[in-house]
Amino acid sequence: MMWGTFFATMLIVMTIVFLQWPKMKTNPKKDKTAFIVLLVIGLLLSMLDLQYMKGPTSVRQFLFKPFVEYMQKYLF
């Protein structure tokens, strides 16, 4: 995980909350909850380092690699 990216994202989220929360006081509770939830989701996604995560094809290869080796050894 790249901690610099996470802390920069956290700083941006805190700035957004600091600047927007006074304007949000008159909004209903559902809007405030959605605002916070979306910011927390963005913060959590910044921790995952998505650009370096393996995709679904890597998972498929991991799952089926033993079967391929078995088939090549005994069936072909």
Side-chain angles (χ1 to χ4, degrees):
M1 177 186 343
M2 298 183 68
W3 288 101
T5 305
F6 173 71
F7 287 122
T9 307
M10 185 183 296
L11 182 67
I12 292 169
V13 166
M14 289 175 22
T15 304
I16 290 171
V17 170
F18 179 72
L19 294 175
Q20 293 297 320
W21 196 254
K23 298 176 186 176
M24 296 281 293
K25 284 187 179 182
T26 59
N27 291 353
K29 191 172 183 177
K30 285 171 86 173
D31 290 349
K32 293 177 187 177
T33 304
F35 177 71
I36 295 298
V37 166
L38 289 173
L39 286 175
V40 168
I41 288 172
L43 188 62
L44 292 174
L45 286 175
S46 73
M47 288 181 5
L48 292 178
D49 203 16
L50 293 174
Q51 62 185 345
Y52 297 110
M53 286 184 71
K54 294 183 179 183
T57 56
S58 300
V59 174
R60 182 181 55 87
Q61 288 175 347
F62 174 75
L63 289 175
F64 291 112
K65 186 175 180 182
F67 297 116
V68 170
E69 291 173 358
Y70 173 78
M71 290 174 63
Q72 286 177 347
K73 186 174 182 181
Y74 293 110
L75 297 177
F76 295 115

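Fair warning: this is a prediction, and the values are worked out from it, not measured in the lab.
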A.B. asks: Which atoms form the tightest heavy-atom contact between Lys32 and Asn27, and what is the distance?
C.D. replies: CE-O, 3.4 Å
A.B. asks: Considering residues at least two apart in sequence or located in another chain, which fulfil the ring pair (Phe, Tyr, Trp, His ring centres under 6.0 Å) criterion with Phe67?
C.D. replies: none
A.B. asks: Assigning hydrophobic clusters by single linkage (Ile, Leu, Val, Met, Phe, Trp, Tyr; side-chain heavy-atom cutoff under 4.5 Å), is Leu45 placed with Val37?
C.D. replies: yes
A.B. asks: Which residues satisfy the side chain to side chain contact (heavy atoms under 4.5 Å, CB included) test with Leu38, sequence neighbours excluded?
C.D. replies: none
A.B. asks: Might you point out which heavy atoms bring Asp31 and Met24 nearest each other, and give the distance in Å?
C.D. replies: O-CE, 3.7 Å
A.B. asks: Hey, quick one: are Tyr70 and Leu63 part of the same hydrophobic cluster, counting side-chain heavy atoms closer than 4.5 Å, chains of contacts allowed?
C.D. replies: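 In one cluster: no.
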A.B. asks: Identify the heavy atoms of Pro22 and Val17 that sit nearest to each other, and give their distance.
C.D. replies: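 In terms of heavy atoms, the two residues are closest at CD-O, 4.4 Å.
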A.B. asks: Is there a path of hydrophobic side-chain contacts, each under 4.5 Å between heavy atoms of I, L, V, M, F, W or Y residues, that connects Ile12 with Leu19?
C.D. replies: no
A.B. asks: Do Leu39 and Phe35 have side chains that approach each other closer than 4.5 Å (heavy atoms only, starting at C-beta)?
C.D. replies: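 They are in side-chain contact.
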A.B. asks: Please say yes or no: joined through hydrophobic side-chain contacts below 4.5 Å, possibly via intermediate residues, are Phe64 and Phe62 part of one cluster?
C.D. replies: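 Yes: a chain of side-chain contacts under 4.5 Å links Phe64 to Phe62.
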A.B. asks: Do Leu43 and Trp3 belong together in a cluster built from hydrophobic side chains that touch within less than 4.5 Å?
C.D. replies: yes
